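What follows is a set of notes on a single structure, which appears directly below.
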Amino acid sequence: MTSHFQLSRRAFLGVALATAAALPAMAAEPIALSAEQKTAVDAISGYLNSFRTLQGEFTQISPKGNMSQGIFYISKPGKMRFEYAPPNPFLIVADGTWLTIKNVKKEKGDQFPLSQTPLRLVLGDKVDILGDTKIIDFQDQDGIITVTVEDKKNTLGNGQLTLVYDQVRNALQQWIVTDSKGRKTSVSLENLQAGINPDPKLFVVKIKRESKSGP
């Protein structure tokens with residue numbers, strides 16, 4: 001795989017919560033939550049279940065501190081589009097079955113089965129964080145709930161996902177993906193608008209595939 005697609009995988013890790021290419025790591029032990037803490041986690045699930053469509057802007061910070069910005073669209077179940085602003089050449093699209101990472105300058109891309117990614121945590125018909133993940137850390141400071149989880153199905157590739165939820169605004173404001181080597185990629189969400197039906201064509205993408213040489 002080329003370095004371009006290694007970069008695209010890291011971009012996908014940050015935005016779409018994909019499987020990181022990770023070395024085996026010891027899973028963290030889940031913590032015991034109080035009834036109040038469980039209610040707070042359920043509120044995050046409730047927020048993610050409160051919309052069928054969502055769009056807005058995002059800012060991504062890579063493990064090396066590089067910043068990328070863009071716009072995103074979500075249409076449940078299973079559809080998503082993240083458009084990076086130039087000079088970042090990548091486009092990420094989930095069509096309900098496949099997740100495609102495309103270099104729009106070269107018209108080439110890579111694809112993954114959507115079912116093998118943790119996108120179900122945000123794109124599924126029913127989000128249940130308590131049921132689908134192991135809670136390994138919980139913080140509550142001035143109405144900002146920070147929950148760190150590991151996916152029970154291991155689609156985080158031995159990594160961890162941190163969700164930052166604003167109880168006052170009732171909105172998910174950030175997520176942070178940490179891979180097994182401790183590298184963190186954060187994505188902040190802004191100017192969110194729910195209930196606007198996006199053009200279905202936004203979730204259709206074509207890529208060129210490398211031709212295979214004969215024997």
Side-chain angles (χ1 to χ4, degrees), residues 1-20 45-62 66-127 132 155-156 161 163 170-175 177 185-212:
M1 182 169 293
T2 68
S3 60
H4 290 293
F5 286 124
Q6 290 170 354
L7 172 62
S8 70
R9 283 179 184 271
R10 288 196 292 270
F12 172 45
L13 170 67
V15 169
L17 315 183
T19 304
S45 296
Y47 167 73
L48 294 173
N49 289 323
S50 69
F51 59 83
R52 303 296 293 175
T53 63
L54 186 71
Q55 63 188 56
E57 302 171 0
F58 70 89
T59 299
Q60 175 182 304
I61 306 296
S62 75
N66 298 322
M67 183 177 72
S68 298
Q69 294 179 307
I71 58 177
F72 74 92
Y73 306 86
I74 288 174
S75 180
K76 294 183 179 181
K79 295 181 179 180
M80 179 199 74
R81 180 184 180 96
F82 272 76
E83 297 180 6
Y84 288 88
N88 191 319
F90 290 103
L91 170 69
I92 300 173
V93 176
D95 64 6
T97 302
W98 292 94
L99 185 126
T100 302
I101 305 169
K102 180 178 180 178
N103 185 322
V104 295
K105 289 185 177 180
K106 298 187 176 183
E107 292 297 320
K108 295 179 181 180
D110 206 356
Q111 289 185 314
F112 310 86
L114 186 60
S115 61
Q116 295 180 16
T117 77
L119 283 171
R120 62 188 181 82
L121 294 176
V122 292
L123 296 183
D125 273 323
K126 181 67 174 178
V127 176
D132 293 340
T155 53
L156 288 175
L161 169 67
L163 301 173
N170 185 30
L172 183 67
Q173 67 178 33
Q174 186 183 49
W175 66 62
V177 176
T185 302
S186 68
V187 176
S188 300
L189 308 178
E190 299 175 339
N191 300 323
L192 303 180
Q193 299 180 73
I196 299 176
N197 292 324
D199 186 340
K201 293 180 181 179
L202 290 172
F203 309 109
V204 178
V205 63
K206 295 181 179 180
I207 58 174
K208 292 182 180 179
R209 298 187 179 276
E210 297 287 349
S211 59
K212 295 182 179 180

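As a basis for the values below, the full set of heavy atoms in this structure was taken, side chains included, without hydrogen atoms, waters or symmetry mates. Computed from a prediction, not measured in an experiment: that's the story for all the values here.
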Just wondering, do I207 and K108 contact through their side chains at under 4.5 Å, heavy atoms? no

May I ask you to test the N197-Q55 pair for a side-chain heavy-atom distance under 4.5 Å? no

Please assess I71 against E57 for the test side-chain contact (heavy atoms from CB on, under 4.5 Å), listing each intermediate value before the final yes or no. CA-CA 4 Å; I71 58 177; E57 302 171 0; 4.2 Å; yes

Full working for side-chain contact (heavy atoms from CB on, under 4.5 Å) between V127 and Y47: CA-CA 9 Å; V127 176; Y47 167 73; over 6 Å; no

Scanning both residues in full, the closest heavy-atom pair of D125 with P77 reads OD1-CB, 3.6 Å

Taking all atoms of both residues into account, what is the closest heavy-atom pair of G78 and L114, and its distance? O-CD2, 3.4 Å

Applying the side chain to side chain contact (heavy atoms under 4.5 Å, CB included) criterion to S75, which one of L202, T53, I196 satisfies it? T53

Checking side-chain contact (heavy atoms from CB on, under 4.5 Å) for the pair L163/L172: CA distance, chi angles, key distance, verdict? CA-CA 7 Å; L163 301 173; L172 183 67; 4.0 Å; yes

[X] side, atom [atom1]; [Y] side, atom [atom2] - distance, nearest 0.5 Å:
X: L91; Y: T100; atom1: CG; atom2: OG1; answer: 8.5 Å
X: F51; Y: L192; atom1: CZ; atom2: CG; answer: 8.5 Å
X: Q69; Y: F58; atom1: CD; atom2: CZ; answer: 8.5 Å
X: D110; Y: N103; atom1: CG; atom2: CG; answer: 11.5 Å

Begin with the C-alpha distance, continue with both residues' side-chain angles, and end with the deciding distance and a verdict on side-chain contact (heavy atoms from CB on, under 4.5 Å) for D95 and V205. CA-CA 8 Å; D95 64 6; V205 63; over 6 Å; no

Return the set of residues passing side-chain hydrogen bond (donor to acceptor under 3.5 Å, both in side chains) with S188 (not counting sequence neighbours), or none when no residue passes. Q174

Could you work out, with side-chain hydrogen bond (donor to acceptor under 3.5 Å, both in side chains) as the rule, every residue matching N49, not counting sequence neighbours? none

Using ring-ring contact (aromatic ring centres under 6.0 Å, His included) as the criterion, list what pairs up with F203, not counting sequence neighbours. none

With F72 via ring-ring contact (aromatic ring centres under 6.0 Å, His included) - residues at least two apart: F82

Determine whether a donor-acceptor pair (N or O, by modelled atom type, separation under 3.5 Å) exists between the side chain of K102 and the backbone of K206. yes

Any pair counted as salt bridge (Lys or Arg N to Asp or Glu O under 4.0 Å), so long as it reaches residues 69-89, sequence neighbours left out: R81-E83

Restricting to pairs with a member in residues 189-202, which pass salt bridge (Lys or Arg N to Asp or Glu O under 4.0 Å), not counting sequence neighbours? none

